[in-house]
Amino acid sequence: MDYLIRLSQSHETFRLPEIQSLAVLEGIEMEVKSYSLETPFLIVRLPSNDAALRLIRRSILAMSVYELWGSATTLDELHAVVRAQTEHMWDRYMTCSFKLAIDCFQGSRTSEEKVALINAFAYLGFAGPIKMRSPDEEFTLFEEWAFNAVPLNIPDPNRYYFGRYLGMGARDLPKKLDLKKRRYISTTSMDAELSLVTANMALAAPGKLLYDPFAGTGSFPIACAQFGALVFGSDIDGRAIRGEGHKTLKGNFEQYGFLDCLGGTFTADLTNSPMRRRPAGSDGDDGMTGRLFDGILCDPPYGVREGLRVLGVKDPEKNHWVIPKGKEMYKQADFIPPKKPYSLFAILDDILEFAADTLVDHGRLSFWIPTANDEEQEVPTPTHPFLEVVAVSTQTFTKWSRRLITYQRLPNSQVDLAALKEKQTRQLTGKNADELNPFRKMYFTTKTEAQ
Amino acid sequence: MKVLTLNFLTCAVKACKTSADSFPLHPQDAELVQDEIEINPELLINVLRRVDWTALRTTSTELGFPDLPEQAPTTEELQSNETLLKDLHHLLMETQITEGKLVCAHCGHEYAVREGIANFLLPSHLV
């Protein structure tokens with residue numbers, strides 16, 4: 001059976017990857033029959049109506065799913081297809097209450113036109129009462145119009161679909177977790193909608209363990225908790241996690257009733273991590289020992305506002321007093337360890353290395369990185385022999401873009417050992433933030449300067 | 001810091017990673033708090049697959065809990081023995097260290113725990 005998933009026409013490059021991840025999560029075999037970034041209609045073949053409902057019930061970007069009763073480029077053809085494919089089902093809906101609706105994408109119809117379109121379905125012969133609110137069954141005629149159809153006076157849509165409504169996605173979830181209503185946020189908190197999409201890409205679910213090593217105020221941990229996973233978080237800045245008064249990361253979990261899902265938080269630097277791990281592919285890596293997490297998700301500092309830093313001393317020759325001072329004072333409770341600037345490319349490598357060591361087989365790594373609209377300053381998708389890229393989606397802003405990249409941890413048996421031998425670690429030891437972060441330099445340089 | 005989380009953590013000093021003594025960290029002057037959390041058998045079974053059982057036995061004894069059996073329970077044992085499941089749930093999920101220190105047996109470094117949050121940041125001479 002084919003189904004029509006009516007997607008939101010926003011975050012276009014995230015939509016299909018999200019649905020595909022949900023198919024993996026629910027163990028549903030899904031075949032994509034038709035999809036375009038330009039329209040909100042995704043046609044898929046699925047094993048059953050139950051599978052269709054399970055598939056989108058957690059989707060943030062899918063609005064609803066329908067049994068596809070027909071698809072055609074003209075109305076006459078549509079009605080012919082609907083008759084041919086579904087006539088044997090009509091008696092099921094003969095007496096129940098029902099409603100017909102019209103969904104015009106990128107187009108518009110007058111009231112009279114809509115009435116005419118609906119009446120053309122009279123051959124269905126449904127005899128039950130028409131109920132506009134909460135009918136037993138709802139059928140929708142979808143119209144896919146060309147871009148700018150209205151100003152260009154295009155008379156007909158490119159395509160029609162007709163479907164029977166089955167159920168909806170989770171587009172109301174972002175409102176529940178809206179940052180505007182959250183007790184504790186900061187300038188780096190990711191919005192609820194994309195946090196939830198990221199949690200879907202990381203396959204967060206009840207019974208699973210997930211970790212965010214750049215937790216900040218906890219946007220990703222909150223999204224994972226919404227989907228019932230047990231989540232751990234850490235950040236190099238203890239103040240972010242501890243917060244103040246009742247405005248804390250833990251306080252956010254209390255606000256939503258998610259405390260049972262909070263595994264724990266701690267202050268740590270990913271490049272000096274206290275997490276136990278076995279180097280991927282080493283003798284100790286038997287596929288189980290030291291594999292702690294089902295998923296790792298994060299939004300690492302891009303180096304722009306947060307200033308990407310790790311533990312260490314900047315200019316140790318120049319600041320020669322720092323290390324002896326540290327030896328003297330580090331046991332004091334208020335000691336703040338020094339930090340040094342660090343390259344975005346290096347932290348990405350560290351994240352991949354960490355994920356390869358600590359993810360279970362087929363575990364997911366999902367993180368956000370900046371790109372730049374200018375091709376010269378592109379941050380390429382990082383690679384690692386033990387991690388296979390699952391999806392890359394892009395969110396575009398005016399001056400810059402950022403990407404959500406998702407990987408899965410390959411079982412050792414599937415790893416390309418030749419690639420492993422060739423893998424070289426990039427070592428970048430730059431001095432100032434601009435040198436280390438080509439992205440930052442791009443963002444803050446005016447267009448004329450760049451040209 | 002839940003006992004479960006403690007089971008995932010070693011000394012952060014890179015030089016200690018090669019020594020078996022850096023794991024588990026040893027709680028000292030620890031203040032414990034018992035939460036009340038609804039038991040989730042599926043989660044617990046999954047969690048126990050990730051737990052280092054030998055280290056858990058050490059931690060459990062150090063915190064004053066009755067000794068755990070030498071062998072980690074199998075999935076079947078967990079599914080049939082409700083008392084065992086409850087005890088492990090109580091230890092791993094409901095027992096929290098709110099204040100105290102976590103000490104590395106190899107280098108002696110002490111990580112402070114304040115309000116349940118442990119601090120693993122290192123001074124520059126240890127990085």
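Lettering follows sequence order; numbering is per chain, from 1.
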If you count heavy-atom pairs within less than 4.5 Å of chain A, which of [options] leads?
{"options": "B:K2, B:E42, B:M1", "result": "B:K2"}
{"options": "B:S22, B:P123, B:A112, B:P41", "result": "B:P123"}
{"options": "B:N119, B:L9, B:D35", "result": "B:L9"}

Sort [X] into side chain, backbone, both or neither according to what part of it lies under 4.5 angstrom from a heavy atom of chain A.
{"X": "B:V13", "answer": "neither"}
{"X": "B:R49", "answer": "neither"}
{"X": "B:D52", "answer": "both"}
{"X": "B:E110", "answer": "neither"}
{"X": "B:L4", "answer": "side chain"}

Side chain / backbone / both / neither for [X] at chain B, heavy atoms under 4.5 Å:
{"X": "A:T289", "result": "neither"}
{"X": "A:R291", "result": "backbone"}
{"X": "A:T265", "result": "both"}
{"X": "A:V360", "result": "side chain"}
{"X": "A:L262", "result": "backbone"}
{"X": "A:R242", "result": "both"}

Kindly indicate whether the side chain of B:C11, heavy atoms from C-beta on, has any atom under 4.5 Å from the side chain of B:L25.
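Heavy-atom side-chain distance check passes, below 4.5 Å.
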Are any of the side-chain nitrogens in [X] or [Y] under 4.0 Å away from the carboxylate oxygens of its partner?
{"X": "A:K250", "Y": "B:E115", "answer": "no"}
{"X": "A:K208", "Y": "A:D294", "answer": "no"}
{"X": "A:R278", "Y": "A:D285", "answer": "no"}

Mark yes when over 12 heavy atoms from residues, nucleotides or ligands other than [X] sit less than 6.0 Å from its [atom1]; otherwise mark no.
{"X": "A:K325", "atom1": "NZ", "result": "no"}
{"X": "B:Q34", "atom1": "CD", "result": "yes"}
{"X": "A:I336", "atom1": "CD1", "result": "no"}

Students often mix this up, so state it plainly: with edges at 30° and 60°, are the rings of B:F8 and A:F232 parallel, tilted or perpendicular?
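Tilted.
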Indicate the ring-plane relationship of A:F293 and A:Y211, choosing parallel, tilted or perpendicular according to the 30° and 60° boundaries.
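Plane angle under 30°, so parallel.
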Find the one option among A:L230, A:D269, A:V313 whose heavy-atom pairs under 4.5 Å with chain B are most numerous.
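Heavy-atom pair counts peak at A:L230.
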When A:P337, A:P274, A:S234, A:G207 are compared by non-hydrogen pairs under 4.5 Å with chain B, the top option
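Of A:P337, A:P274, A:S234, A:G207, A:P274 has the most heavy-atom pairs under 4.5 Å with chain B.
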Any chance the rings of A:Y330 and B:H125 have centres within less than 6.0 Å?
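That pair passes the under 6.0 Å test.
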